[in-house]
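What follows is a set of notes on a single structure, which appears directly below.
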Amino acid sequence: MRAPDFDATPISDRSLQLPGAPMLAVGLTRAVWLDQDGELSELSLRDAGERARREAPILCHARAVARRLGCDPFPAYDLLELFAFVRPARFCTPTPRGLANELGMLTPDSLDADVSVLPQIALALLRELAAGSSRRDPSAHDIAWAMAQTGWRWGPAVLSAVQLTDSGDERHRARGLHVWDFLSEWNEVPPAAPPGSEAVTANEARHRLSELLDSEAESRPQQADYASAVSQAFGPRREADQPNLVLAEAGTGTGKTLGYIAPASLWAQKNQGPVWISTYTRNLQRQLDDELSKLYPEPRLKSERVVIRKGRENYLCLLNFDEAVTGLASRGSDGVAIGLMARWAAWTRDGDMVGGDFPGWLADLLGRARTLGLTDRRGECIYSACSHYRKCFIERNLRKAKQAEIVVANHALVMIQAALGGGEDGQLPTHYVLDEGHHVFDAADSAFAAHLSGQETYDLRRWLIGSESAGRSAGRARGLRKRLEDLVAGDAELTDLLNQTLRAATVLPAEAWHQRIADGRTNGPAEAFYVVCGNRFTPAAAATTAPTAWKSTPARRNRR
C-alpha cells in the first residue's frame, strides 16, 4: 500500500512541509476548528465530529478526541504519533498544552490558543527531526519510509524532513523495522566475587543521608533516626546461619525511602555487592527509580549502578516484535504501530513497557495488542533457541543486575528466585530491603499459585505443535519438532519421545476453540472438558471467556 497523496503547504523552512489540513482542539463542551485559511470556528461536539470525519484534521490524541466527540475514531494527523517518532522513549502530557510545555513553548491558556499552537508544535518537531543527522539516528529514514508505505499520514512530511523523497532500495529500507539490527549484543559477565562484610555504622548512615538531601530539604530528625536504625541490618551476622533482621516502620512523610537507601547504598559500595530493594507495586518501583537519581545524578552512571528488575511480561519480546513485522504484509493497517514501536525499541533504556520509559498513552493510541501485547505475557520464551537471544532486553537486564549496586525488584520475583535457589549461576543476594512488607504474604499467594485455562492450554498446543495455519512457521510458532530436529537427529529414542509428545499435544484445544464451544461443537477431550467447566457461562460468554480448567492457590496464612 503506497502512502496517500500529500497536499502540502510550504512553510518558512523550504525543506519542511506541513500537511494542508485544518486544526482541531476539543474541550469538555465545545470544539474549536481552525481551517487552512486561518478562520477560527467554534463548533458543538457533534458538529465537530461530523466535520472531522469529512476532513482529516491535525490534532492531539485522536482516540481521546474521538471519545470526547462521542464518535468512532476517524483519520487524522495525530501530533502524538509525530512526537513518538521524533522523541522516542520520551514522556509528555498527551494534550496540546503538554506538548507545548515539552517543546519549550509558551503554554496555551485557552481552547482557542490550543488549536493555534498545533501547527507550531508540528513545525517544531519536524525541525528537530531535520536537525538530527543520520549518523546519530540511522534508523529514522528507513522506519519513516516503511511507515509511509502503509499509509502513515505524517509519512510525507517526515520523509521531507529527513530528506528522503525517492524510493531508493526498497528491500533495504523495508528492513528499517528490523530494530534488532540496531541493538548491541549483551556480554556475558563473569561470576561476581563474594561481597565483603564491612559494616555500616549509624553515623555513616546519617552522613550518607545528609549527602542525598539537597540544601533546601526540610530537616527531619525522624528520618535520620530511621536511617540509623536500619543500618543495623548492614552489619556482620550476630549468629551463624541467622540473618540480621530489622523490622522498621515510620509515619507518612518521614522519608523512609531515602532512609533505607542511605545505608543500603553505602553497604553496596563498601562491600562490592548488590542490595536488592523489593516492592509490591510498580508505582513504588518508579518512585524508587526517581529517588535513586539523587544518589546517581549522572544518567550514564545510574544506568550502570541501578537496575530495575521485573517479570518477563513487562518487557518487549523481540521475537514477538519480529513476528509482528513479518505479519505486516497481511496487516498493513498495523504499519504505524509497528513503526512507532520500532522507534521506541531502538531508543529505550531497558525495554520495560510497564513503568519504564514507554509512554502510557502510546498503548491507548496504537492499541494494546500492538504494544503491550508484544511482551512475553504467557511464559512462551524459548531462551537460547530464539534468534534474538543475544540482544534480548530481558537477558540484558539479568546480566546488568549482576554488576549493579542497587537492584529494584518486586516481592514475587524475589521469592521465586529464592525458591529456585538463585539465577543461572545459583547465587542469591545477601542483603534485601523489603518495602511494603505487609504485602509479602499476598505476593506469595500470587507468585506460587497456578492457574490453567483454555487460553493457556491452547498456547501450549501452539508452542508444542507450532502454528497450524498455512504460511506461519517462523519464530515461536514453528513448533517443538523444528526447534529440536538438530538435537534429536539420528537418536531413535529421542525421536520417539518427541513424536509421543506431539501426539499427546493434539488433545489440547486447537485454533478457533472459542467459536466451536459457542457453537456447541468440540474437537477433542480438552474442549469437551471446558464445556463441562463452562456450563455456568452462556454460549456468548463462552466465546469470549476462557473457563478455568484448574486453579490452585496456597492456603492463606494467618497474618496476625
Side-chain angles (χ1 to χ4, degrees), residues 61 79-95 98-99 101-103 125 128-129 132 136-137 139-140 143 177 179-180 182-184 186 277 279 281-318 320-321 337-368 370-377 388 391-401 404 406-410 413:
H61 204 326
L79 286 170
L80 284 183
E81 292 179 3
L82 186 59
F83 179 86
F85 186 92
V86 177
R87 294 191 177 187
R90 295 277 294 275
F91 293 98
C92 74
T93 303
T95 63
L99 284 169
N101 283 334
E102 184 66 22
L103 295 172
L125 289 170
E128 184 174 322
L129 185 63
R136 293 187 318 186
D137 196 1
S139 65
I143 293 177
L177 298 177
V179 66
W180 46 88
F182 304 104
L183 300 176
S184 61
W186 46 258
I277 301 176
T279 73
T281 63
R282 295 189 182 101
N283 286 336
L284 186 54
Q285 280 189 308
R286 284 194 290 269
Q287 177 185 328
L288 276 165
D289 194 24
D290 291 338
E291 294 282 14
L292 286 166
S293 294
K294 298 175 182 177
L295 179 64
Y296 306 104
E298 205 283 306
R300 185 182 297 275
L301 180 62
K302 180 183 176 183
S303 178
E304 295 174 357
R305 304 290 175 81
V306 177
V307 171
I308 310 298
R309 280 293 314 277
K310 298 179 181 180
R312 291 178 173 269
E313 69 279 4
N314 292 275
Y315 297 90
L316 174 68
C317 170
L318 290 176
N320 280 344
F321 186 72
I338 297 301
L340 294 181
M341 286 300 299
R343 288 288 289 161
W344 173 80
W347 284 87
T348 177
R349 183 178 82 175
D350 54 13
D352 181 3
M353 298 182 65
V354 186
D357 54 17
F358 184 78
W361 44 260
L362 201 54
D364 184 35
L365 200 69
L366 306 178
R368 294 181 65 86
R370 303 181 185 96
T371 53
L372 301 178
L374 298 175
T375 61
D376 181 18
R377 295 168 298 162
H388 305 299
K391 298 184 177 183
C392 174
F393 289 116
I394 302 166
E395 296 297 328
R396 187 189 307 275
N397 186 262
L398 289 170
R399 284 152 182 81
K400 283 185 65 177
I406 302 293
V407 179
V408 182
N410 57 69
L413 180 63

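With sequence neighbours left out, L183 forms a side-chain contact (heavy atoms from CB on, under 4.5 Å) with L318, K391, F393. Listed by chain and residue number, H178, H388 satisfy the ring-ring contact (aromatic ring centres under 6.0 Å, His included) test with W180 (two or more places apart in sequence, or in another chain). Contacts of F85 classified as ring-ring contact (aromatic ring centres under 6.0 Å, His included), with partners at least two apart in sequence or in another chain: W152. D350 is linked by a side chain to side chain donor-acceptor pair (under 3.5 Å) to nothing, counting only residues two or more places apart in sequence or in another chain. With sequence neighbours excluded, the residues forming a side chain to side chain donor-acceptor pair (under 3.5 Å) with E291 are K294, listed by chain and number. Applying the side chain to side chain donor-acceptor pair (under 3.5 Å) test to N283 and every residue at least two apart in sequence or in another chain returns R286. Applying the salt bridge (Lys or Arg N to Asp or Glu O under 4.0 Å) criterion to K400, with sequence neighbours excluded, gives no partner residue. With sequence neighbours excluded, the residues forming a side chain to side chain donor-acceptor pair (under 3.5 Å) with R370 are D334, listed by chain and number. Residues forming a side-chain contact (heavy atoms from CB on, under 4.5 Å) with R87 (at least two apart in sequence, or on another chain): F83, R90, E102, L103, E128. For F358, the ring-ring contact (aromatic ring centres under 6.0 Å, His included) partners at least two apart in sequence or on another chain are W344. For A409, the side-chain contact (heavy atoms from CB on, under 4.5 Å) partners at least two apart in sequence or on another chain are W276, R309, L413, V414. Residues passing the side-chain contact (heavy atoms from CB on, under 4.5 Å) test with D364 are H61, R63, R67, sequence neighbours excluded.
Comment: R399 engages E395 in a salt bridge, judged by a side-chain N to carboxylate O separation of less than 4.0 angstrom.
Atom CD1 in I308 sits 7.0 Å away from atom CG in L292 (nearest 0.5 Å). The CG atom of L366 lies 8.5 Å from the CH2 atom of W361; values are rounded to the nearest 0.5 Å. Rounding to the nearest 0.5 Å gives a distance of 7.5 Å between CG of L129 and CG of L82. Atom CG of N314 and atom CZ of R282 lie 4.5 Å apart (nearest 0.5 Å).
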In sequence, state the C-alpha distance, the side-chain angles, and the governing distance for Y296 and S303, and then conclude on side-chain contact (heavy atoms from CB on, under 4.5 Å). CA-CA 9 Å; Y296 306 104; S303 178; over 6 Å; no
Any chance you could lay out the salt bridge (charged side-chain N to carboxylate O under 4.0 Å, His left out) test for R349 and D289, step after step, and finish with the verdict? CA-CA 13 Å; R349 183 178 82 175; D289 194 24; 3.4 Å; yes
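Between N397 and D352 the shortest side-chain heavy-atom distance does not fall below 4.5 Å.
Just one of L80, L362, L79, L365 meets the side-chain contact (heavy atoms from CB on, under 4.5 Å) condition when paired with P94; it is L80.
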